Amino acid sequence: MHGFFYIALFNSENGKCLIDFKDLTFSKTVYDFDYNKILSDQGISYEDLNNSEEIINFKIGLEDLGHSFVYTFVKVGKFYLMVVTDSVYSKLIPLLEKSIVEFDQEIDFKEETQEEEQLEPESLGVMIASIAIENFSRNFSEYLFPDFLIPEKKIDFSNQMQDEDFIEFLDKKDIDRYIFDKIDGTWSIEEFSEELKVDLEHIHKEFFNMWANNLVYFRFKYYNWDIFEQTESAKAYLEDGTPENLLLINKYNSAKIIKILQIIDSGISFKKLHETAAITKIKLERYITELVYRKLIQKRKIIPIIHHISEDLIPLLTLQGFNKKDFELLEYLEENFREEKDLGEVALKIQIDPKKIRALIKKIETAISVMN
């Protein structure tokens with residue numbers, strides 16, 4: 001998510017990975033890469049990294065796979081932090097430095113306070129993981145999960161654990177049960193903060209902890225302009241009486257979700273689907289989320305066209321209501337949409353709600369048409 005592919009914390013003395021976070025991209029595409037093997041295949045060893053006290057930043061391009069990765073390493077004391085991203089981020093290096101310095105200090109303090117306990121390797125691993133999750137949630141969650149995303153519960157845990165066991169699990173992982181119970185797929189991260197009157201920083205930390213423990217994932221809001229289409233995997237669910245077909249019908253005690261899947265067919269907008277399906281928006285969103293998560297439907301990419309604004313148009317656009325922030329955002333968008341990129345992809349990268357981007361593009365189109 002937000003251009004992050006992989007975050008890992010290593011023991012710099014032996015190169016052992018202490019904790020890592022994979023699948024950070026927001027895309028439904030599974031990037032099943034071994035980022036450490038990619039490194040060694042390039043002839044780069046952990047000994048090479050360990051011998052350097054400087055920040056290391058380099059790009060590895062895999063032509064046969066059509067991917068490029070930017071590796072960044074920051075070392076402090078006995079640890080180094082490795083982050084793999086899709087491009088260079090100017091704010092990333094100071095953030096990594098802050099995170100690893102804090103982690104080193106937190107580990108030292110913990111070891112000093114528990115010096116007499118002689119922790120077993122398993123307990124030491126749990127302690128390191130706990131401190132790392134808290135540290136990363138504090139330093140990275142804002143960048144990994146922009147405020148306009150909506151958290152969704154990943155699994156129906158009521159069918160996986162007894163209530164008492166699940167409550168014990170949440171307590172053990174230091175997860176706020178009240179916030180977890182409030183997740184119903186309708187509130188964005190920002191709306192959680194507003195509705196519960198809880199500081200956004202705390203909300204980010206809570207959701208990072210839930211995400212790190214495989215309890216939640218994140219999605220965009222569904223907008224009227226979104227177009228959904230079936231995938232090849234939908235066929236088995238559309239055939240009456242198949243195990244896949246019955247699974248969805250039994251889960252929702254209704255065949256309505258199958259009807260939604262049929263209507264979507266080769267493509268339909270969310271607005272049109274809502275009008276056609278004759279169900280509440282909340283229920284439709286739940287069905288769509290289920291179908292997307294099962295990869296039975298996908299959202300069609302939106303590739304906006306950003307018009308370059310020449311200097312002589314600026315006074316005219318100002319008269320049409322454009323302000324300094326509009327021009328700054330427009331310049332930012334032009335830079336990020338130079339290649340054919342999906343609206344959601346860019347929204348995550350620059351952390352601006354797709355709705356605001358679409359509104360500005362519409363505003364430009366309207367202003368230019370008026371001037372013409």
Side-chain angles (χ1 to χ4, degrees), residues 1-2 4-22 24 35-36 39-40 44-58 70-85 89-145 168-176 199-215:
M1 195 173 293
H2 187 45
F4 287 74
F5 290 104
Y6 186 62
I7 299 175
L9 179 72
F10 294 89
N11 182 324
S12 61
E13 295 174 352
N14 56 24
K16 181 182 178 183
C17 180
L18 301 173
I19 186 171
D20 61 359
F21 299 94
K22 304 174 184 177
L24 300 181
Y35 298 100
N36 299 302
L39 205 60
S40 61
I44 302 167
S45 69
Y46 290 117
E47 287 75 19
D48 297 330
L49 300 169
N50 202 28
N51 290 334
S52 175
E53 294 296 331
E54 298 178 356
I55 294 167
I56 303 172
N57 192 282
F58 54 84
V70 174
Y71 282 73
T72 305
F73 295 84
V74 178
K75 178 183 172 185
V76 169
K78 297 178 293 184
F79 308 99
Y80 60 82
L81 197 56
M82 178 176 90
V83 173
V84 184
T85 54
Y89 292 97
S90 58
K91 293 181 180 179
L92 183 59
I93 289 177
L95 189 63
L96 292 176
E97 288 179 307
K98 177 177 179 288
S99 178
I100 195 66
V101 166
E102 288 177 356
F103 180 82
D104 189 53
Q105 292 170 345
E106 288 156 2
I107 286 289
D108 281 346
F109 175 76
K110 201 75 172 177
E111 287 178 343
E112 286 173 11
T113 57
Q114 298 185 358
E115 198 170 334
E116 298 177 2
E117 292 187 17
Q118 295 295 317
L119 291 175
E120 295 291 327
E122 185 178 344
S123 299
L124 180 62
V126 170
M127 182 187 79
I128 288 173
S130 176
I131 293 174
I133 287 174
E134 202 284 327
N135 180 295
F136 293 172
S137 72
R138 185 173 64 245
N139 287 301
F140 294 112
S141 59
E142 181 183 348
Y143 297 90
L144 292 172
F145 315 130
E168 185 181 342
F169 173 81
L170 294 179
D171 289 341
K172 185 179 178 182
K173 298 296 183 180
D174 198 26
I175 290 168
D176 189 314
D199 184 80
L200 248 178
E201 185 179 346
H202 178 73
I203 290 290
H204 272 287
K205 286 170 67 175
E206 286 293 334
F207 283 135
F208 185 94
N209 193 7
M210 293 177 199
W211 171 80
N213 284 289
N214 208 32
L215 298 177

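Remember, it's a predicted structure, so these values are computed and weren't measured experimentally. Just the heavy atoms: all of them, side chains too, but no hydrogens, waters or symmetry mates, feed the values below.
Under the 3.5 Å distance criterion, the side-chain polar atoms of Asn135 are left unmatched by any main-chain donor or acceptor of Ile131. Between the side chain of Asn213 and the backbone N or O of Asn209 there is at least one donor-acceptor pair closer than 3.5 Å.
In this structure, the side chains of Met82 and Asn36 come closer than 4.5 Å at one or more pairs of heavy atoms. Considering only heavy atoms from C-beta on, Leu81 comes within 4.5 Å of Phe136 through its side chain. For the pair Ile133/Phe21, a side-chain contact is recorded, criterion being any heavy-atom separation below 4.5 Å from C-beta on. Contact check for Ile44 versus Tyr71: no side-chain heavy atoms found under the 4.5 Å cut-off. Taking 4.5 Å as the limit, some side-chain heavy atom of Glu134 sits within range of a side-chain heavy atom of Lys205.
Asp171 is linked by a side chain to side chain donor-acceptor pair (under 3.5 Å) to Arg177, counting only residues two or more places apart in sequence or in another chain. Contacts of Ser137 classified as side chain to side chain donor-acceptor pair (under 3.5 Å), with partners at least two apart in sequence or in another chain: none. With sequence neighbours left out, the side chain to side chain donor-acceptor pair (under 3.5 Å) criterion links Asp176 to no other residue.
Here the closest non-hydrogen pair linking Ile19 and Ala132 is CG2-CB, 3.6 Å. Smallest separation of non-hydrogen atoms from Glu102 and Asn139: OE1-ND2, 3.1 Å.
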ask   = Where do Val74 and Val101 land on the side-chain contact (heavy atoms from CB on, under 4.5 Å) test, with the steps shown first?
value = CA-CA 10 Å; Val74 178; Val101 166; over 6 Å; no
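Annotation: Asp20, atom CG; neighbour count of heavy atoms from other residues, nucleotides and ligands within 6.0 Å is above 12.
Distance check, rounded to the nearest 0.5 Å: CE of Met127 to CG of Leu18 gives 10.5 Å. Considering CD of Glu106 and OG of Ser99, their distance stands at 8.0 Å, rounded to 0.5 Å.
Residues Phe103 and Phe79 bring their aromatic ring centres within 6.0 Å.
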